[in-house]
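In what follows, a structure is listed as structure tokens, so that the remarks can point back to it.
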Amino acid sequence: MFAKKNEFKPFEERVYLSSPSIYKDSMDYVINAYKTNWMSTVGENINESEKLISDKVGCKEAVALSCGTAAIHLAIKAAGIKQGTKVFCTDLTFSATVNPVLYEGGVPIFIDCEYESWNMDPVALEKAFELYPEVKHCIVAHLYGTPAKISEIREICDRHGATLIEDAAESLGATYKGKQTGAFGDIGCISFNGNKIITGSSGGMLLTDDGEVSKLVRKWSTQSRENAPWYQHEDTGYNYRMSNVIAGVVRGQIFHLDEHISQKKSIYERYKEGLKGLPISMNPMNLEISEPNYWLSCMIIDNEAMCSQQRGDLDVTYCAEANKSCPSEILDTLMAFNAEGRPIWKPMHMQPIFKDSEFITRYGSIGNLPEIGEDGKPCDIGRDIFQRGLCLPSDNKLTPEKQDVIIEIIKSCFE
Ligand SMILES: *Cc1c(COP(=O)(O)O)cnc(C)c1O
């Protein structure tokens, strides 16, 4: 079964999942910060980046912060989540969506995803409000750049009087029914981490239409100083403000957002075309109503074409079989050719740290559910996508020639 694989040599340079692309514009803004000596958490790059992002997303206020996680943390504080507050959270996501809930002593209740966008299932969310009518907060992520069914989720939250926080860290530039992700929630959060669609090397922003919230967040992020001649504090402070140097990188990247999206879209479409005929599907993009940013291309293997794959807490074993494969086999094979893929983010309810947390699917609380529901589909959709799915090398600098080799390598896994 390795015949075809032997036709290829490993890539000389590592093919990355998603790496930064920095241009001269960014460096000019950074140099300018240096030349004018605005080398702290105040300066024109910060102000301009905030303005450019709030214009792009269509929100009144953007507050530049040290990272996306800091944005989510201050969003959670601004929403009033504290010790013991229950919060409905996206289950299939990166842990940074949820960790800030823990910082404040909140109690996450995980909501399963659906197959059309791999994001929070509005049906499961409705079920969760039935089971926990007292809950007043919801935090939703848009995974891999595909918008969640966010208007439906917004409507459900409104009906139950709940605050909605949007984790748009992976989806900057994506739209749902023509509106940008990050603009649906009471508060939105974005990230400029090195692997995101645009980057400052690090950084993030909190987005809102509420001037009171942005004022509070600015104050918290700069150590909660009161307007007094000395350091006067009435509130816990944080050192969460973005640096003007980082903001220079961000500022120069914003003009490249659309270009990055179209590069990522071509990569997605080339995979979709090239992998046709294999027993797989690409990650859903829900194109009737949304325009994703195509941040990561992912695939999911048909049930019938999965070879045996057993994942423990820290390791995995699998058994290669003719005409079948599994995420672990494909990831190992890609790595042997110096190309970086990644497993689907492991759902929060499967993480040891959250082993005692509540997890709600469209069929109800997971505790008393069978593996397969009455409709013949898995009850735990997040677990199913994690088991059968993987993220493909999606770097915007991936050339069509290299991508074609990656496609052949993936095909060879099914031989
Ligand atoms: C990257 C990411 C974050 C965190 O952003 P940082 O800037 O790295 O702190 C939060 N949520 C999701 C879904 C992410 O992918």
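Each ligand, and each atom within it, is numbered from 1 in the order the structure gives.
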(request) Apply side-chain contact (heavy atoms from CB on, under 4.5 Å) to E134 and list each qualifying residue two or more places apart in sequence or on a separate chain. (result) K86, Y132
Are any protein N/O atoms closer than 3.5 Å to the N/O atoms of ligand 1? If there are, list each pair with names and the distance to one decimal place.
from     : atom 1 : to   : atom 2 : distance (Å)
ligand 1 : 5 (O)  : S191 : OG     : 3.3
ligand 1 : 7 (O)  : G68  : N      : 2.7
ligand 1 : 7 (O)  : S191 : OG     : 2.7
ligand 1 : 8 (O)  : N193 : ND2    : 2.9
ligand 1 : 9 (O)  : G68  : N      : 3.3
ligand 1 : 9 (O)  : T69  : N      : 2.8
ligand 1 : 9 (O)  : T69  : OG1    : 2.5
ligand 1 : 11 (N) : D167 : OD1    : 3.3
ligand 1 : 11 (N) : D167 : OD2    : 2.7
ligand 1 : 15 (O) : E170 : OE2    : 2.5
ligand 1 : 15 (O) : K196 : NZ     : 3.3

(request) For P393 and L398, work out which heavy atoms get closest and say how close. (result) O-CD2, 3.7 Å
(message) Here's a test for you: under side-chain contact (heavy atoms from CB on, under 4.5 Å), which of T333, L390, I330 qualifies with I410?
(response)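 Output: one option passes, namely I330.
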(message) Checking the side chain of S221 only, and the main-chain atoms of V217 only, is there a donor and an acceptor separated by less than 3.5 Å?
(response) yes
(request) Measure from the side-chain N and O atoms of S290 to the backbone N and O of P292, and report whether any donor-acceptor pair falls under 3.5 Å. (result)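 Between the backbone of P292 and the side chain of S290 there is no qualifying donor-acceptor contact (under 3.5 Å).
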(message) Regarding E50 and R218, does a basic nitrogen lie under 4.0 Å from an acidic carboxylate oxygen?
(response)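 Salt bridge present between E50 and R218.
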